[in-house]
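Note that the numbering runs from 1 along the sequence shown for the chain. Whatever order the structure lists them in is the order used to number ligands and atoms, beginning at 1.
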Amino acid sequence: MKFALIIPAAGSGTRSGQHIPKQYVELLGVPVLAHTLRAFATMKECEEIVIAIDRTWRATAEQCAEGIAHVRFVPGGEERQYSIANALRDLGGSPELVLVHDAARPCVPRAMVERVLRAANEYGAAIPAMAITETVKRVNDDGRVTETIERGNLRAVQTPQGFRRELLASAYKHAALRGIVGTDDASLVEAYGARVQVVDGSLDNIKITVPEDFRRAEAILTSWAAREKPVRVM
Ligand code: C5P
């Protein structure tokens, strides 16, 4: 299933504890963004990639994309949503499906991407998500618990999120007109009134946020590389 890919990579990543944005920190000697790009660039169905960046990092971002065809860069915005809006405007007319994937998720399994694409094609919008295993509570500003939330129907949502291009563009226009700002793309499609389908996410698909996440991501990528190595027959 052919798709275009949007990668928001214009954040400053202040919680990651690094002096450079987290998407440019090296994992196993290669920047996070380069790992993320490689995961998709090896899929022949990926026809077009638009990356939203802070122009200060243009040279580094270009290095990350070296050797990958059909990559373009657009300027990022103040919020993730505005970065993606810029990328959406730059997107060509085809293909019909668009994936949006955070630069900060370099450990994205191919089987999960395929699940998202299939469901996006069928339902118009699809997101990968995980059941929540911890107990979830609402707390007020001074730390007092005000509610324990029934977690059975709660999901922690990941990217890539997949959409029919027309639907995503309409949802973004609708949000801009009404001043709606969401923390993910699907929330704008929900606000637009369209159906969003959940598929299984992956435990490996972590979003690098805090300093420990760099080591976790390296461990995941190392275990994948070990699995891919051919078994030596003596
Ligand atoms: O900060 P957070 O991890 O939630 O950001 C998710 C993704 O959105 C990251 O890949 C980040 O680079 C990107 N982003 C962006 N433009 C912003 C803020 C975040 O492209 N203004």
Just list the side-chain donor-acceptor pairs under 3.5 Å for residues 123-138, sequence neighbours left out, or say none.
residue : atom : partner : partner atom : Å
Lys137  : NZ   : Thr148  : OG1          : 2.9
Arg138  : NE   : Glu147  : OE1          : 2.9

*Between Ser83 and Asn86, do the side chains contain an N or O donor and an N or O acceptor separated by less than 3.5 Å?*
no
*Leu99 and its side chain to side chain contact (heavy atoms under 4.5 Å, CB included) partner, picked from Ile49, Leu117, Ile6*: Leu117
*Which protein residues have a heavy atom closer than 4.0 Å to any atom of ligand 1, listed by chain and number?*
Pro8, Ala9, Ala10, Gly11, Lys22, Gln23, Gly77, Glu78, Glu79, Arg80, Ser83, Asp102, Ala103, Ala104, Lys207
*asked:* Testing the 3.5 Å rule here: is there a donor-acceptor pair between the side chains of Asn121 and Arg118?
replied: no
*Any side chain to side chain donor-acceptor pair (under 3.5 Å) pairs touching residues 21-31, not counting sequence neighbours?*
none
For residues 188-198, dump all side-chain donor-acceptor pairs below 3.5 Å to protein atoms at least two apart in sequence or in another chain.
residue : atom : partner : partner atom : Å
Arg195  : NE   : Gln197  : OE1          : 3.3
Arg195  : NH2  : Gln197  : OE1          : 2.3

